[in-house]
Number of protein chains: 2
Amino acid sequence: MVTDRAPLLDRVFHALAHPARRSIIRRLAAGEQNLSELASPLKMSFPAASKHVRVLEGARLVRRRISGRQHMCRLEAEPLKEVTQWTEQFRAHWEARFQALDALLEEMKPQDAALTNPSAPTPRRRSAPRIRRKTS
Amino acid sequence: MVTDRAPLLDRVFHALAHPARRSIIRRLAAGEQNLSELASPLKMSFPAASKHVRVLEGARLVRRRISGRQHMCRLEAEPLKEVTQWTEQFRAHWEARFQALDALLEEMKPQDAALTNPSAPTPRRRSAPRIRRKTS
DNA sequence: GATATATTAAACCACATGGTTACAGATCGA
DNA sequence: TCGATCTGTAACCATGTGGTTTAATATATC
């Protein structure tokens, strides 16, 4: 349900969710191209490709300039800025590999349990490394 | 057509294209939450919210840990890294506001045409400003 | 054991998406 | 003017999406 009335961010993310549309964006980054040029490398009919361009226009990622019978398209990268801004919120969550460390600690738990077993009074293994989070 | 067999980037972008799912991600950034907690603020039925979480899991953005009858979910931000990496390709295209300048030049064209009209032999207006791209 | 709670599963619905083919228009070149 | 070219529109189809309600399952709690 990502229509033209949906919030822009919804439309942008949705527009980027199709490989054909990402391919179009990549090629437009090199400069203006008309619809035929954009459609030709895609493994689909022209109308299908044309629809993809319309989706990109709806997300304000592409702008069309009609010159005679040709529709010249060019990249409008502005909305991508908001995409990065949104994802940047979570940079801290992937940078320090919390997930990997957490998973490691999770896997170590059973062993730790075994080590704290009353029958093994003095566990030899050192405690799990402290995870220090960047404070900046 | 963003099934579990689609490329990961497709799934990630698709997962982010729904406000409810972005809301879930934002709240999981603050820490683990179970499904009920995630679903309660959403204006939809519990099963609907549960489906959204599954979409996020399909995009490897959320991981589930079953603890008794509660399904604890936590954020797995790794795929967001690839999102920024993809969009960063185009940073140059939005940073220098090429679009705005291009649009401005586009609007000036008709006037230029009038000025180069034979009946106006000496156009007084200076040529359009050069656009200098950051070389770094 | 009975009951409440957390979650899934299944069936269903309206509508969006992504694709096709066929045809209509506008425009460029000869 | 004629034909080729570029694009749009319309009709259609299969499938996906996002939501619902109802029922089933597993786990705490009393």
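Convention: sequence-line order gives letters A, B, ...; per-chain numbering from 1.
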If I take atom CD1 in residue A:Ile66 and atom P in nucleotide C:dT27, what distance separates them, rounded to the nearest angstrom?
9 Å
Roughly how many Å is it from CG in B:Leu35 to P in C:dT7, rounded to a whole number?
4 Å
In whole Å, I'd like the distance from the CZ atom of B:Arg11 to the P atom of D:dT17.
12 Å
Side chains of B:Arg27 and B:Ser23: any donor to acceptor distance under 3.5 Å?
yes
Starting from P on D:dT27, measure out to CE on B:Met72 and report it in whole angstrom.
17 Å
Would you kindly give the CZ-to-P distance between B:Arg65 and C:dA6, to the nearest whole Å?
16 Å
Options D:dG18, D:dG8, C:dT8, nucleotide nearest the side-chain atoms of B:Phe46:
C:dT8
Check whether any side-chain N or O of A:Arg54 sits under 4.0 Å from OP1 or OP2 of D:dT9, and answer yes or no.
yes
Taken to the nearest 0.5 Å, the spacing of B:Leu28 CG from B:Met72 CE works out to 9.5 Å
Closest listed nucleotide, where the reference is the side chain of A:Lys51 and the choices are D:dA11, D:dT7, D:dT20
D:dA11
Any side-chain N or O of A:Ser45 under 4.0 Å from OP1/OP2 of C:dG19?
no
DNA chain C: 5'-proximal contact among A:His18 and B:Arg64 (nearest heavy atom):
B:Arg64
Geometric class of the A:Phe13/B:Phe13 ring pair [parallel <30°, tilted 30-60°, perpendicular >60°]:
tilted
Atom CD of B:Glu95 and atom CD of A:Glu78: how far apart are they, to the nearest 0.5 Å?
10.5 Å
Tell me: CE of A:Met44 to P of D:dT7, nearest whole Å?
16 Å
Heavy-atom count around A:Arg60 CZ within 6.0 Å, excluding the residue itself: above 12?
no
What nucleotide among C:dA6, D:dG8, C:dA9 has an atom nearest to a side-chain atom of B:Ser36?
C:dA6
Measure from the side-chain heavy atoms of B:His71 and tell me the nearest of D:dG18, C:dT8, D:dT7.
C:dT8
Can you find an N or O donor on one side and an acceptor on the other, under 3.5 Å apart, linking the side chain of A:Arg69 with the base of D:dT5?
yes
Between CG of A:Asp10 and C1' of D:dT17 the distance, given in whole Å, is 14 Å
Closest nucleotide of DNA chain D for B:Lys43 versus for A:Pro47: which of these residues is on the 5' side?
A:Pro47
Name the closest nucleotide to the B:Ser50 side chain, picking from D:dG18, C:dT8, D:dT7.
C:dT8
Can you identify which nucleotide, out of C:dG18, C:dG19, C:dT8, has its nearest atom closest to the A:His14 side chain?
C:dG18
Rounded to whole Å, please give me the gap between CD in B:Gln70 and P in D:dT25.
22 Å
